[in-house]
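Here's the structure, in structure tokens; my notes come after.
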Amino acid sequence: MMEVCGSTNVSLREFGCEQTLLSRPDGSASFVQGDTSVMAAVYGPAEVKVSKEIYDRATLEVLIQPKVGLPSVRERSQEQCVRETCEASLLLTLHPRSSLTLVLQLIHDDGSRLACFLNAACMALMDAGLPMSCLFCGVTCAINTDSEIITDPTAAQEKESRALMTFAIDSKEQRVMMSYTKGSFSVHELQQCIAVSQKASENIFQFYRDSVSRRYSKNL
Amino acid sequence: MKDTPLSNCERDFLLKAIEEKKRLDGRQTYDYRKMKITFGTDYGCCFVDLGKTRVMAQVSGELVAPKENRPNEGIMFFNIELSPMASPAFEQGRQSELSVKLNRQLERCLRNSKCIDTESLCVVSGEKVWQIRVDVHMLNHDGNLMDAASIAAITALCHFKRPDVGIQGDEVTVYSPEERDPIPLSIYHMPISVSFSFFQQGTYLLVDPCEREERVMDGLLMIAMNKHREICSIQSSGGIMLLKEQVMRCSKIASVKVSEITELISKALENDKRARKAGGRCGFAESMPQERITALKTDETSVEMTDASERANDIVENAEVPPQTVPSPVVPAPGVGQVGQGLQNTWGLEEEEDGDEEEEEQQMEEEQDEKEDSREGDVVEISDSEEEEVVILHPETQDKSSKNAASSSNQKGAETSKQRQKK
Amino acid sequence: MFSGLREKVGQVLVPGDEFSLEVQETLSLTEPLKPEKVLLGPGLKRRGDRKLLVVKSGVLRHKQPHVFWVENHQRRYVPAKGETIIGIITVKSGDVFKLDFGGSEQASLSYLAFEGATKRNRPNVQVGDLVFAQFIVANQHMEPELVCVDSAGRANGLGVFGAGGLLFSVSLGLVRRLLRPRSDVLSDLQKLFPCELVVGMNGRLWVKASSVQQTLIICNLLQSCETMTTAQRQQLFRRAAQGAL
């Protein structure tokens with residue numbers, strides 16, 4: 001069994017976010033983690049094509065646009081991850097036969113891109129005022145060659161890691177909503193990473209709360 | 001998704017206001033909206049805000065084989081993406097008319113005007129040249145996408161630095177940015193497009209139309225010019241008929257605007273160069289406005305890890321051992337493999353006959369195998385009708401699953417062959 | 001009962017916050033037991049028997065005696081019965097007009113739903129006209145339906161309008177602030193220029209003042225006062241009145 005030493009220097013890079021930065025979408029947000037930045041925009045509930053409509057729920061469509069070139073298979077698989085997380089937390093049955101479109105544009109990739117997509121998506125959905133049963137956030141953990149856990153790795157750290165995991169954590173009970181892993185690791189390491197991600201998610205949720213409070217500070 | 005339709009009263013009001021030389025946001029007829037140019041973290045990434053219209057351009061380069069008819073020149077590739085983020089009317093994937101038009105205009109403006117020295121992009125003549133790719137993403141559509149795209153594209157090209165290349169005989173080495181400083185592209189001039197919108201059959205003219213003005217306009221004239229007052233491209237669309245004086249007047253206005261915009265671009269490039277030299281961090285993250293209430297930033301935070309490792313250890317120790325889900329395969333007879341026990345067949349009697357047919361095929365296959373394998377004189381009875389030898393398994397459990405049916409037919413095959421062997 | 005809710009009035013909540021109903025520990029034997037009622041507005045949903053869930057992020061507001069809701073800066077409109085909106089006619093087919101009001105589907109408006117309309121006497125409505133109408137059917141399962149008459153058959157301000165004015169969009173929050181009984185924004189606006197204002201609860205406003213310039217000024221003022229505090233807004237309106245803009 002591979003031992004993971006109890007790391008005390010687990011930290012998250014600087015966060016930043018900006019809401020309502022675009023005038024056309026119903027909700028928009030940009031999320032920055034260190035140098036990785038992502039912009040998200042939400043339209044909905046809006047008209048849906050008859051071929052895509054679902055009779056009792058809203059149809060959620062997630063589009064990830066890379067910076068260079070056309071979307072490829074990697075973007076499609078990340079879209080699937082983001083879509084499953086959003087579907088689990090949005091109350092889709094309140095808007096049947098309508099469409100929700102979430103567009104994510106990658107601005108700069110310096111590691112932890114899927115986690116950044118998830119965080120930007122959550123902020124944009126909140127900004128659009130779509131009904132959600134809970135918030136979610138994304139945390140990426142990397143296990144490097146010395147078997148240390150690093151949260152929120154940069155691109156260089158990701159390249160040298162033995163395993164890379166991204167978890168989507170919900171805000172009510174800190175449970176794992178979605179996981180995406182790459183590389184080999186033991187069961188013990190997986191549980192360690194999940195525990196670390198749950199702890200890190202507390203910081204992120206507090207950040208969400210602070211940004212929203214600041215946003216409404218003029219109305220109080 | 002459809003965009004909101006334009007109502008008659010909006011159209012009438014806009015036309016009436018334009019006749020009185022009033023614009024929606026209080027501008028004059030020849031005024032541009034407030035323009036802001038920022039750069040991203042890596043070279044070649046540029047954001048342009050023209051009022052509320054937002055555009056991002058990214059330049060990238062890679063080594064490819066050159067085109068056959070031009071072996072000494074590099075390749076420029078332009079791509080404008082109308083992202084569904086920019087407007088509800090834009091759809092992913094489909095090449096709409098507007099997208100084709102914008103792509104074509106940008107290509108004519110930048111490629112045909114030969115503003116970039118493509119011969120300097122050649123590394124090994126006939127074999128390796130640089131392909132410079134410019135991707136322009138529309139982030140928010142509030143009118144005049146063409147101007148914003150052209151400004152973003154040319155600024156990103158001026159900002160971009162390609163990796164340095166060393167040639168020794170036949171070997172070509174591409175140095176990473178850490179080994180040798182990257183080299184900027186050689187740009188002769190900066191063509192910038194200026195859009196004029198015409199109303200009431202060419203009587204009234206507005207520069208830099210916003211989205212609502214674009215909806216009521218009759219036609220659009222796009223003039224791409226550089227600061228040396230050379231026209232790089234001119235295009236009129238919408239079917240309006242313009243007089244020669246109008247076109248001359250527009251080109252004069254365009255030259256004034258282009259020089260202002262070129263000033264702004266040079267200043268922005270200067271600021272960015274200074275900031276990078278000073279070693280500060282630059283990029284989208286830094287350009288986020290801090291004082292607005294819609295933006296918030298925090299510093300690097302550490303994560304409290306005290307009870308996390310204990311919790312993880314607890315979870316692992318208290319978890320049950322996962323059941324042996326994949327048993328090792330068993331070979332009951334040559335040519336037959338069995339993995340797991342399978343479940344009882346839960347099909348009804350009539351469906352068992354189908355299963356029997358499958359079984360028959362398998363038994364025949366197995367028989368052939370057995371025939372090949374048996375060297376000794378075991379007499380193997382081959383009868384046409386297999387039905388006496390068929391074992392019908394009575395369903396005892398209620399759950400049905402087609403997977404189990406497949407495995408149970410294998411199972412049946414295995415069992416009957418086992419019985420055969422025992423004979 | 002919902003003292004937990006009352007404490008949080010005026011604070012910012014995010015989706016996922018829950019309030020649970022406390023059972024009264026001590027019951028008074030002498031007074032009759034009064035059933036407490038709580039009316040939940042947008043942003044709050046009931047989960048199970050004793051729990052309330054916040055589904056939108058915003059400020060929790062309270063109106064006496066027992067109405068709670070979450071106020072936010074949403075821009076997208078979701079139809080609700082009884083609300084009056086500004087719609088744009090898109091299709092005129094047979095007996096029914098289709099209107100776009102900014103929601104997930106188009107609403108239908110029968111040609112008979114106008115004051116004084118009969119089968120012979122059809123209302124004069126063209127594609128692209130603005131209509132101020134009220135929802136009579138507006139739920140998530142059915143196509144929304146609008147009417148331009150009230151229950152007595154009178155127009156009461158509803159109907160076709162729009163010549164000469166300007167239509168623009170604002171957020172839903174600003175529209176609700178304008179429609180409050182003693183709205184501060186509206187009173188500031190009244191001191192400015194005389195104008196005609198139609199407020200649609202789907203975030204659309206229509207303004208007509210005596211000149212094009214004044215109409216444009218009012219339009220820009222309303223669009224910019226969404227994110228201002230009261231003091232800033234009053235200062236801006238004062239500057240506009242003095243003719244600086």
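Just the heavy atoms: all of them, side chains too, but no hydrogens, waters or symmetry mates, feed the values below. These numbers come from a predicted model, not from an experiment. Order of the sequence lines sets the chain letters (A, B, ...), proteins ahead of strands, with each chain counted from 1.
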Are the side chains of [X] and [Y] in touch, meaning some heavy atoms are under 4.5 Å apart?
X: A:Q105; Y: B:E81; value: no
X: B:P84; Y: A:Q65; value: yes
X: A:I107; Y: B:H137; value: no
X: A:E61; Y: B:Q92; value: no

What heavy-atom pair brings [X] and [Y] nearest, and what distance separates the two atoms?
X: B:L139; Y: A:L22; result: O-CD1, 3.7 Å
X: A:L104; Y: B:M85; result: C-CE, 4.5 Å
X: B:Q58; Y: A:V68; result: CG-CG2, 3.7 Å

So which residue, B:N79, B:D135, B:V59, B:D142, ends up with the most heavy-atom pairs under 4.5 Å with chain A?
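With the most close heavy-atom pairs to chain A, the winner is B:D135.
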Is B:S60 in contact with chain A via its backbone, its side chain, both, or neither, using a 4.5 Å heavy-atom distance?
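Side chain only.
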Go through the atoms of A:D26 and report whether side chain, backbone, both or neither lie under 4.5 Å from a heavy atom of chain B.
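Neither the backbone nor the side chain of A:D26 comes within 4.5 Å of chain B.
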Under 4.5 Å, counting heavy-atom pairs only, tell me which of A:A29, A:A40, A:G69, A:P25 racks up the most with chain B.
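Between A:A29, A:A40, A:G69, A:P25, the count favours A:G69.
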Highest number of heavy-atom pairs under 4.5 Å with chain B: which of A:A41, A:S211, A:S23?
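Between A:A41, A:S211, A:S23, the count favours A:S23.
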Backbone N/O of A:R24 and side chain of B:N140: donor-acceptor pair under 3.5 Å:
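Pair found, side chain donor or acceptor close to backbone of A:R24.
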Step through the shown structure and confirm whether more than 12 heavy atoms of other residues, nucleotides or ligands are within 6.0 Å of CZ on B:R180.
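More than 12 within 6.0 Å, yes.
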